[in-house]
Amino acid sequence: MSSADQPYIDPSEIPLEGSAAERFKSRSDAFWSGMRDAAGAPAMVLFAGMVGFGAMGRSAGLDGWFTTFSSIFMFALPGQVVLLEMVVTGSSVLAIALAVTLTSTRFVTMTVTLFPQLHDKDRNRHLYASVHLLAMTAWAVSMKEFSSIEAKHRLSYFVGLGLLCWLLSVPGTILGYFLAGLVPTPITLGLVFINPLFFLLTFTEVKPWINRIAICLGCLLAPIFTILDRDTSLLTTGLIAGTVAYYIDRKWLRKRAGLIG
């Protein structure tokens with residue numbers, strides 16, 4: 001059977017196995033479970049990253065309110081770092097807005113892969129508020145856990161997970177701002193990169209091999225494209241590694257599994 005002949009399957013309607021369908025008794029139970037899961041490694045990693053960002057903000061001479069508000073209203077560490085660097089270099093507002101927007105394009109793919117897995121009744125205009133809680137950490141953990149959570153409880157779990165991470169980003173930024181100068185620069189920069197590293201390690205646990213292939217290709221291609229053009233290396237690496245991984249998955253991996261004729 002070709003991919004064009006296959007019927008569409010709503011991700012939220014895929015049945016769960018065994019007792020997984022009874023993981024939570026109510027939405028409240030799912031929400032607090034998300035909070036508990038966030039209180040471990042995800043929150044600590046994000047908190048450490050925001051501490052590093054807060055220290056960077058003060059070292060760059062930015063106002064404490066400006067640095068803190070970026071964590072409240074943006075809640076996107078890569079975009080916040082770009083914002084910080086461009087403000088320091090005196091870039092125009094239009095250039096800053098364009099650059100930050102480009103760094104945030106990853107949220108498009110994160111949104112279209114995560115939110116279709118929610119229950120149909122939860123996919124409405126109220127999701128716009130929940131999207132603000134979407135970050136690499138919350139997305140990676142949710143993608144791993146959703147397969148064992150009943151569709152009607154997934155949104156509550158995600159909100160609990162993302163809400164605690166967002167709330168902790170603010171005190172993390174403030175703490176880092178006041179610790180600036182007391183922490184060596186290499187440690188400050190290292191804290192910023194803890195969050196992407198955690199995301200990378202978490203996402204390797206997701207079952208489909210396409211994710212691992214994309215990560216491995218990215219690791220191999222990143223140094224090459226950095227040498228060729230440092231300014232566009234991140235975008236080029238992601239585009240090419242992801243495209244090649246998708247092609248391998250469609251042409252070989254799914255055929256071997258008998259999914260595509």
Side-chain angles (χ1 to χ4, degrees), residues 16-56 68 70-72 74-81 106-107 110-111 113-115 117-118 122 129-179 183 187-208 211-212 215:
L16 304 179
E17 297 181 1
S19 61
E22 304 297 331
R23 180 172 174 179
F24 302 122
K25 297 179 180 179
S26 64
R27 289 178 178 264
S28 176
D29 186 24
F31 173 82
W32 290 111
S33 180
M35 278 272 191
R36 288 192 296 271
D37 287 351
M44 290 189 292
V45 167
L46 185 62
F47 185 85
M50 289 302 179
V51 168
F53 172 74
M56 289 178 61
T68 303
S70 70
S71 294
I72 297 175
M74 290 182 65
F75 188 46
L77 193 54
Q80 290 174 243
V81 172
R106 70 189 186 281
F107 288 111
M110 292 164 67
T111 299
T113 54
L114 184 69
F115 288 107
Q117 299 183 59
L118 302 179
D122 291 325
S130 302
V131 168
H132 185 62
L133 303 177
L134 188 63
M136 287 192 299
T137 306
W139 178 79
V141 174
S142 295
M143 287 291 288
K144 185 178 71 171
E145 297 293 331
F146 271 12
S147 61
S148 63
I149 300 175
E150 202 170 13
K152 65 181 180 181
H153 293 147
R154 290 173 182 171
L155 178 60
S156 299
Y157 177 87
F158 167 76
V159 171
L161 180 71
L163 182 61
L164 183 61
C165 291
W166 178 56
L167 292 175
L168 287 178
S169 70
V170 178
T173 303
I174 296 173
L175 178 63
Y177 190 86
F178 288 104
L179 287 179
V183 181
I187 295 180
T188 299
L189 296 176
L191 290 175
V192 173
F193 284 97
I194 286 180
N195 193 32
L197 180 60
F198 174 80
F199 160 77
L200 177 66
L201 295 175
T202 300
F203 203 53
T204 55
E205 296 181 14
V206 179
K207 290 183 179 180
N211 305 312
R212 302 171 189 176
I215 290 171

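Just so we're clear, the structure is a prediction, and the values are computed from it rather than from any experiment.
- The closest side-chain heavy-atom distance from Ser71 to Trp166 is not below 4.5 Å.
- With values rounded to the nearest 0.5 angstrom, Asp122 atom CG is found 8.5 Å from Ser130 atom OG.
- Between Leu168 and Phe47, the shortest heavy-atom distance links the atoms O-CD1, 3.4 Å.
- In terms of heavy atoms, Leu133 sits closest to Val159 at CD1-O, 3.9 Å.
- Residues Trp139 and Thr113 bring a donor and an acceptor atom of their side chains to less than 3.5 Å of each other.
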* To do: Check the pair Leu46 / Phe75 against side chain to side chain contact (heavy atoms under 4.5 Å, CB included), numbers first and verdict last.
  => CA-CA 10 Å; Leu46 185 62; Phe75 188 46; 3.6 Å; yes
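- Between Gln80 and Ser70, the closest heavy-atom pair is NE2-OG, 3.3 Å.
- Across all non-hydrogen atoms, the minimal contact from Leu77 to Phe53 is CD1-CB, 3.6 Å.
- Looking at heavy atoms from C-beta onward, Leu161 lies out of side-chain contact with Phe31 at the 4.5 angstrom threshold.
- Contact detail for Phe107 and Leu134: the closest heavy-atom pair is CE2-O, 3.2 Å.
- Inter-residue side-chain proximity for Met143 and Gln117 is flagged as met; some heavy-atom pair is nearer than 4.5 Å.
- You'll find the side chain of Met50 stays beyond 4.5 Å of the side chain of Thr68, heavy atoms only.
- Leu118 places a side-chain heavy atom less than 4.5 Å from the side chain of Phe146.
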